[in-house]
Amino acid sequence: MNLKIAVLPGDGIGPEVILQAKKALYAIGEVYNHEFVFEEALMGAIAIDKTGNPLPEQTLNLCLNTDAVLFGAIGDPKYDNNPNAKVRPEQGLLKLRKELGLFANIRPIKPYKSLIDSSPLKREIIEGADFTIFRELTGGAYFGAKTLNEEGTHASDLCEYSEEEITRIAHLAFKSAQNRRKKLTMVDKANVLETSRLWRKVVQKVGESYPDVALDFLFVDNAAMQIILNPKQFDVILTENLFGDILSDEASVITGSIGLLASASLGEKNALFEPIHGSYPQAKGKNIANPIASILSAAMLLEHFGLFKEAKVIYQAVEKAIEFKVVTTDLKADSKFGTNEVGEFVSNFIFSKDDLLYFNNDNVSIGQSTIV
């Protein structure tokens with residue numbers, strides 16, 4: 001298979017972690033005879049600094065004319081800490097989602113067995129948890145009309161949704177549930193918000209076409225509590241943009257690190273793959289950022305194009321890295337491995353996974369293996 005992939009490293013640790021994802025895809029291409037052509041472009045704070053625009057037209061045109069987008073991270077303290085900034089890095093990402101029609105964000109949540117004790121939650125609570133969050137991505141308050149009066153003392157953000165916007169992501173979530181444990185939980189605030197009441201009405205209607213999927217509803221405040229108290233009750237969670245943003249980040253504590261979670265953003269024609277973490281500017285250039293989420297986003301990219309065997313190898317490589325404790329310090333405080341070393345381990349596992357001589361704990365721990 002030949003794929004042209006737009007690569008948007010972005011800000012902070014973005015370029016470092018996305019390099020490790022590219023290494024994994026390069027290894028997959030070599031081993032399985034695929035050709036991945038990467039073309040990089042600016043987005044975020046670095047794009048503002050160089051062009052004045054968080055999403056330059058050149059970048060947008062590239063993304064519109066490639067098979068997929070691989071994204072790193074955006075954000076910079078000089079914008080985050082300036083409430084008066086008129087142009088912000090995040091505006092570029094929101095515009096990109098809108099222009100590409102990326103209406104569905106999919107975030108799998110499943111802890112690795114060897115990292116269960118890294119989570120602040122008790123083992124008996126999270127062991128066996130396995131669910132996916134479907135977050136609507138191009139509607140709601142993030143994209144509604146925004147106002148601020150001249151005195152800067154009164155502001156509003158309009159939250160809007162249409163039946164069509166809800167229906168299209170609801171179908172994706174129900175289909176996913178059919179292939180999992182056949183349960184879908186819709187999260188809203190229907191006791192207060194009119195948009196949430198529309199969500200309930202539309203999702204109930206869509207659910208009639210999926211009689212094999214059990215549908216239930218939770219208010220978002222209760223859902224936030226239940227994700228921590230009993231995450232094993234969930235199979236597929238469906239929710240609107242703002243709620244999904246918050247809940248998916250909260251759910252990252254189940255895995256032990258936000259650096260382990262990847263996501264896919266899908267539209268009718270386009271797809272973008274990214275880690276869910278931010279730009280972590282404090283770690284920029286220090287070789288300490290966890291690249292696993294970015295590497296897993298590359299695996300999700302492969303799955304999107306039907307390359308399930310190849311994606312499985314990346315998942316195996318990540319599991320082996322975690323098993324051998326070839327991880328960054330967020331997962332093991334005294335780890336001697338950094339961003340690049342984790343990426344090298346994964347790519348070399350892809351090249352040599354059948355040569356188990358290279359992949360034993362003794363060699364890895366003393367640094368004699370070719371993979372470190």
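Using modelled atom types and a 3.5 Å distance limit, the side chains of Gln91 and Tyr79 yield no donor-acceptor pair. Side chains of Thr51 and Asn53: no donor on one and acceptor on the other come within 3.5 Å. Gln20 and Lys23 form a side-chain donor-acceptor contact under 3.5 Å, judged by distance and modelled atom types alone.
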**Message:** Checking Lys95 against Glu57 for the salt bridge (charged side-chain N to carboxylate O under 4.0 Å, His left out) test, could you report, in this order, the C-alpha distance in whole Å, the side-chain angles of both residues, the deciding distance, and whether it holds?
**Reply:** CA-CA 11 Å; Lys95 182 179 179 182; Glu57 283 300 314; 3.8 Å; yes
**Request:** Might you work through the side-chain contact (heavy atoms from CB on, under 4.5 Å) test for Ile109 and Ile237, ending with a clear yes or no?
**Result:** CA-CA 11 Å; Ile109 308 290; Ile237 292 176; over 6 Å; no
**Asked** Run the side-chain contact (heavy atoms from CB on, under 4.5 Å) check on Glu16 and Lys284 step by step: do they pass?
**Response** CA-CA 8 Å; Glu16 298 169 64; Lys284 180 181 178 180; 4.2 Å; yes
**Request:** Check the pair Leu70, Ser297 against side-chain contact (heavy atoms from CB on, under 4.5 Å), reporting the backbone distance first and the verdict last.
**Result:** CA-CA 8 Å; Leu70 198 60; Ser297 71; 3.8 Å; yes
**Request:** Let me see the working for Glu136 and Thr138 under side chain to side chain donor-acceptor pair (under 3.5 Å), right down to the final yes or no.
**Result:** CA-CA 6 Å; Glu136 200 288 325; Thr138 55; 3.2 Å; yes
**Message:** Lys189 vs Phe243, test: side-chain contact (heavy atoms from CB on, under 4.5 Å). Steps then yes/no.
**Reply:** CA-CA 9 Å; Lys189 193 65 175 170; Phe243 298 159; 3.9 Å; yes
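Under a 3.5 Å cut-off, the side chain of Ser248 and the backbone N or O of Asp245 do form a donor-acceptor pair. Side-chain atoms of Thr59 do not come within 3.5 Å of backbone N or O of Ala41 as any donor-acceptor pair. A donor-acceptor contact shorter than 3.5 Å links the side chain of Thr339 to the backbone of Ala289. A donor-acceptor pair under 3.5 Å is absent between the side-chain atoms of Asp212 and the main chain of Gln178, judged by distance alone. Asp235 contributes a side-chain N or O that, together with a main-chain N or O of Arg181, makes up a donor-acceptor pair within less than 3.5 Å. Distance alone, capped at 3.5 Å, is enough to place a donor-acceptor pair between the Asp11 side chain and the Gly75 backbone. Under a 3.5 Å cut-off, the side chain of Asn241 and the backbone N or O of Leu137 do form a donor-acceptor pair. Of the possible donor and acceptor atoms, none in the side chain of Ser119 sits under 3.5 Å from a partner among the backbone N and O of Ile116. With hydrogens and angles disregarded, a donor-acceptor distance shorter than 3.5 Å links the side chain of Ser294 to the backbone of Val17. For Lys183 (side chain) and Gln233 (main-chain N/O), a donor-acceptor pair under 3.5 Å exists by modelled atom type.
Surrounding CD of Glu124 are more than 12 heavy atoms belonging to other residues, nucleotides or ligands, all under 6.0 Å away. Atom NZ of Lys182 is surrounded by more than 12 heavy atoms from other residues, nucleotides or ligands within 6.0 Å. A 6.0 Å sphere centred on CD of Glu150 holds no more than 12 heavy atoms belonging to other residues, nucleotides or ligands. Shown here is Tyr280, whose OH atom has no more than 12 heavy atoms of other residues, nucleotides or ligands within 6.0 Å. No more than 12 heavy atoms of other residues, nucleotides or ligands sit less than 6.0 Å from atom NZ of Lys110. Residue Lys232 places its NZ atom among more than 12 non-hydrogen atoms of other residues, nucleotides or ligands, all under 6.0 Å distant. Atom CD of Gln282 has more than 12 neighbouring heavy atoms from other residues, nucleotides or ligands inside a 6.0 Å radius. In the displayed structure, Lys146 atom NZ is contacted under 6.0 Å by more than 12 heavy atoms of other residues, nucleotides or ligands.
Here Glu127 pairs with Arg123 in a salt bridge; the nearest charged N to carboxylate O distance falls below 4.0 Å. The pair Lys4-Asp67 fails the salt-bridge criterion, with no side-chain N (NZ, NE, NH1 or NH2) lying under 4.0 Å from an Asp/Glu carboxylate O. For Glu341 and Lys325, the salt-bridge test fails: no basic side-chain N is under 4.0 Å from an acidic carboxylate O.
Inter-residue side-chain proximity for Phe174 and Val236 is flagged as unmet; no heavy-atom pair is nearer than 4.5 Å. Within the 4.5 Å cutoff, no side-chain heavy atoms of Glu39 are placed close to those of Thr66. At least one side-chain heavy atom of Ile258 sits under 4.5 Å from a side-chain heavy atom of Ile276. By the 4.5 Å heavy-atom criterion applied to side chains, Met186 and Ile166 are not counted as neighbours. Within the 4.5 Å cutoff, no side-chain heavy atoms of Phe337 are placed close to those of Phe345. Side chains of Asn2 and Val37 form no contact here, defined as non-hydrogen atoms less than 4.5 Å apart. Using a 4.5 Å heavy-atom threshold, the side chains of Glu194 and Arg197 count as touching. Considering only heavy atoms from C-beta on, Thr328 comes within 4.5 Å of Pro291 through its side chain.
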Anything under 3.5 Å between a donor and an acceptor, one on a side chain of residues 24-35, the other on a protein residue two or more places apart or in another chain? List them.
residue, atom, partner, partner atom, Å
His34, ND1, Met1, N, 2.9
His34, NE2, Glu310, OE2, 2.7

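If you take NZ on Lys98 and CG on Leu94, they are separated by 10.0 Å, rounding to the nearest 0.5 Å. Between Ile228 atom CD1 and Ile254 atom CD1 the span is 6.0 Å, to the nearest 0.5 Å.
When all heavy atoms of Pro15 and Gly12 are compared, the pair lying nearest together is CD-O, 3.4 Å. The shortest non-hydrogen separation linking Pro89 to Asp76 is CG-N, 4.4 Å.
Leu302 and Ile106 fall within a single hydrophobic cluster, where Ile, Leu, Val, Met, Phe, Trp and Tyr side chains are chained together by heavy-atom contacts under 4.5 Å. Tyr315 and Val327 fall within a single hydrophobic cluster, where Ile, Leu, Val, Met, Phe, Trp and Tyr are joined by side-chain heavy atoms under 4.5 Å apart, directly or via other members.
For the ring pair (Phe, Tyr, Trp, His ring centres under 6.0 Å) with His171, the qualifying choice from Phe103, Phe134, Tyr210 is Tyr210, the only one to do so.
Annotation for Leu19: hydrophobic cluster partners, listed by chain and number, are none (ILVMFWY side-chain heavy atoms under 4.5 Å, direct or chained).
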